[in-house]
Each structure stands twice: as C-alpha cells, then as structure tokens.
Amino acid sequence: FTLNILEDSGNYLIHRDILRHQLSQKQGTVSTKTRSEVRGGGKKPWQQKGTGRARAGSNRSPLWRGGGVIFGPKPRTINLKLNK
C-alpha cells in the first residue's frame, strides 16, 4: 500500500504534520542491557586453548544465556522536522 502524493500538495504537509505530532507523543523509554551493562562476566569461563571448546571471553556475551542484547532498543526522543 503506497500513497502517490505530490510533495507540493497541502495533503502531504498535513500528513507530515500528523506524523510529527504522533511521533512526539511516543514515550521513548524502552531499554535493554548491552553486554557491558549486564551484571557479572569479569572472568574468562575457561582458558583460551587446550579445552576443545570454542573460545569465550565472558559469560555475558550476547550468544550466551543471560548475556546482553546486541542491537536492542535504547531510550530516545523522536523528532520529525517540518519546514514552516
């Protein structure tokens, strides 16, 4: 579903202003912890070589259970610029 509205028309500007208003109403407080913000994980789980397991530097890696989130949401404010 696409709208083919010319950018010169007033309908487009009204639509953009409604979008700007709706975006400004968003709370924007959603957040997840990255691997550096998760508690713990300071020591290597096992040595680098000789165990036969894959190398691991922290048990708070995003690949592990209980690890951080890779590209999770962070708090932000959303502004849509609209010319006068």
Visitor: Which heavy atom in G57 sits nearest to a heavy atom in P45, and how many Å separate them?
Guide: C-CD, 3.9 Å
Visitor: For K81, enumerate each residue passing the side-chain hydrogen bond (donor to acceptor under 3.5 Å, both in side chains) test, keeping only those at least two apart in sequence or located in another chain.
Guide: N83
Visitor: NZ of K74 to OG1 of T34: how many Å apart, nearest 0.5 Å?
Guide: 5.0 Å
Visitor: Please tell me if the side chains of Q47 and T51 come closer than 4.5 Å, counting only heavy atoms from C-beta onward.
Guide: yes
Visitor: Mind checking the CG-CD1 spacing from L63 to I70? Nearest 0.5 Å is all I need.
Guide: 6.0 Å
Visitor: Any salt bridge linking E37 with R60? Criterion: basic side-chain nitrogen under 4.0 Å from a carboxylate oxygen.
Guide: no
Visitor: Just checking Q27: does its CD atom have more than 12 heavy atoms from other residues, nucleotides or ligands closer to it than 6.0 angstrom?
Guide: no
Visitor: List the steps and the verdict of side-chain contact (heavy atoms from CB on, under 4.5 Å) for K33 and V69.
Guide: CA-CA 6 Å; K33 284 182 167 47; V69 178; over 6 Å; no
Visitor: Could you state whether L19 and I78 fall into the same hydrophobic cluster, counting links through intermediate Ile, Leu, Val, Met, Phe, Trp or Tyr residues with side-chain heavy atoms under 4.5 angstrom apart?
Guide: yes
Visitor: Any chance CZ of R55 has more than 12 other-residue heavy atoms, nucleotides or ligands included, within less than 6.0 Å?
Guide: no
Visitor: Between A54 and W46, which heavy-atom pair has the shortest distance, and what is it?
Guide: O-NE1, 3.0 Å
Visitor: Is the number of heavy atoms from other residues, nucleotides or ligands within 6.0 Å of NZ (K26) greater than 12?
Guide: no
Visitor: Would you give the length of the straight line joining atom CG of L80 to atom CD of Q22, rounded to the nearest 0.5 angstrom?
Guide: 11.0 Å
Visitor: Indicate yes or no: at least one non-hydrogen side-chain atom of L82 is less than 4.5 angstrom from one of D17.
Guide: yes
Visitor: Counting neighbours of NZ on K44 that are heavy atoms of other residues, nucleotides or ligands and sit closer than 6.0 Å, is the number greater than 12?
Guide: yes
Visitor: Just to verify, what does T29 make a side-chain hydrogen bond (donor to acceptor under 3.5 Å, both in side chains) with, not counting sequence neighbours?
Guide: none
Visitor: Does the S24 side chain pair with the main chain of H21, one donor and one acceptor, at a distance under 3.5 Å?
Guide: yes
